[in-house]
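Values reported hereafter were calculated over all heavy atoms of this structure, with side chains retained and with hydrogens, waters and symmetry mates removed. If you read the sequence from its start, that first residue is 1, and numbering goes on from there.
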Amino acid sequence: MKVFFNLLVCDLRRTIFSAKFLVAVFGFILTTLVTMFDELQYLQPSNSLVYIYQIIRYLDFHIVYLLFAAIPGALLFCSDWENHFIRFCIIRSSPKSYATSKAMACFISSACVVLISENLMLFLFSFHFPAFNETSSGFGPYTIFASPDKVWLFLLIKILYEALCAGFLCTFALWLSTKIINPFVVLATPIISYYLINTSSFALNIPPIFNIGNLSKGYISIDNNPIYSFFFTIFYFGILTTIFVILFVRSCRKRVENG
């Protein structure tokens, strides 16, 4: 167990406490601000952060957050494999500990990119715009947060859903990296898989409650209860992520054994 935690600490340093993480966070912020430049010109001092956040999420280019989220952690396996560092790590620990550490670091770093960058953007906007006003809308099943003292919790929940979605898709990309060791393919995987999953969900008439697009945007309502909706979303992304963590561990072990 001690060896595993040492590996995890090392991987978190390589992901969260790294230049790549800063590039991902500020790259996403800069890209978003540039993309919404035209919209910024029409904002009024009375516009709320809720309104601004809705504009950000409806930008066509907003999906790029999945690309930036993948930068710190999704390439861990590719990097170790190409640098022949993987065998050194496994000799000191085990394939299971090595792979589990990589998967956890990937998920955590991907989620943190979204959490930090989007909260930082809203924090910067908060110097010029109120968090909430009477015209704020778009709360859906979370209307209990439609008040000045609770609106930040609402925004945090919405951002958390995006972070969980990014964590899941980047873990999926990490698993794919054991099949296709190509950094460009791995980085593009979260965005491509997001579109494919959403498209196939509509084509196969999968209930909207299981659509990751709806879940990541907080559109799903369970009995119109925000608590049920919150825990369902966390549970759903948690299950999907766990599946691909397990698949990555197995695939990583086979890849190492087969050379």
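Checking S251 against K179 by side-chain atom types alone, a donor-acceptor pair falls below 3.5 Å. A donor and an acceptor atom, one from each side chain of Y219 and N211, are nowhere located under 3.5 Å apart.
By the neighbour-count criterion of 12 heavy atoms within 6.0 Å, atom CZ of R250 is sparsely surrounded, having that number or fewer from other residues, nucleotides or ligands.
Nearest heavy atom pair, residue Y142 against residue Y161, reads OH-OH, 2.6 Å. In plain terms, the two heavy atoms of V186 and A173 that are nearest each other are O-CB, 3.6 Å. Closest heavy-atom contact between F154 and V50: CE2-CG1, 4.3 Å. Of all heavy-atom pairs spanning V114 and A69, the tightest one is CG2-CB, 4.2 Å. Scanning both residues, P72 and V113, for their nearest heavy atoms gives CG-CG2, 3.7 Å. In terms of heavy-atom proximity, S221 sits nearest to S229 at CA-OG, 3.4 Å.
Hydrophobic clustering (side-chain heavy atoms under 4.5 Å, transitive across Ile, Leu, Val, Met, Phe, Trp, Tyr) groups F21 together with L66. Linking ILVMFWY side-chain heavy atoms closer than 4.5 Å, directly or via other members, places L22 and L187 in a single hydrophobic cluster.
Atoms CD1 and NZ, on I71 and K20 in that order, are 9.5 Å from each other to the nearest 0.5 Å. Taking NZ from K158 and NZ from K217, the interatomic distance works out to 9.5 Å, rounded to the nearest 0.5 Å. With rounding to the nearest 0.5 Å, the separation of OG1 in T31 from CE in M36 is 13.0 Å. To the nearest 0.5 Å, atom CG of residue L8 and atom OG1 of residue T100 are 10.0 Å apart. Taking CZ from F125 and OH from Y51, the interatomic distance works out to 12.0 Å, rounded to the nearest 0.5 Å. We find the OG1-CZ distance between T178 and F248 to be 6.5 Å, quoted to the nearest 0.5 Å.
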May I have the step-by-step check of side-chain contact (heavy atoms from CB on, under 4.5 Å) for S201 and F210, ending in yes or no?
-> CA-CA 8 Å; S201 295; F210 297 115; over 6 Å; no

Let me see the working for F107 and C112 under side-chain contact (heavy atoms from CB on, under 4.5 Å), right down to the final yes or no.
-> CA-CA 9 Å; F107 178 85; C112 284; over 6 Å; no

Dump the intermediate steps for side-chain contact (heavy atoms from CB on, under 4.5 Å) on K102 and D80, then the final yes or no.
-> CA-CA 10 Å; K102 293 291 179 293; D80 285 358; 2.9 Å; yes

Let me see the working for Y195 and I63 under side-chain contact (heavy atoms from CB on, under 4.5 Å), right down to the final yes or no.
-> CA-CA 10 Å; Y195 276 117; I63 193 66; 3.8 Å; yes

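Checking side-chain atoms of N214 against main-chain N and O of P208 turns up a donor-acceptor pair under 3.5 Å.
Side-chain atoms of N47 and Q44, non-hydrogen and from C-beta on, do get closer than 4.5 Å to each other.
When each of I246, L240, I239 is tested with T242 by the rule side chain to side chain contact (heavy atoms under 4.5 Å, CB included), just one qualifies, namely I246.
Relative orientation of the F168 and F172 rings is tilted, given thresholds of 30° and 60° on the angle between their planes.
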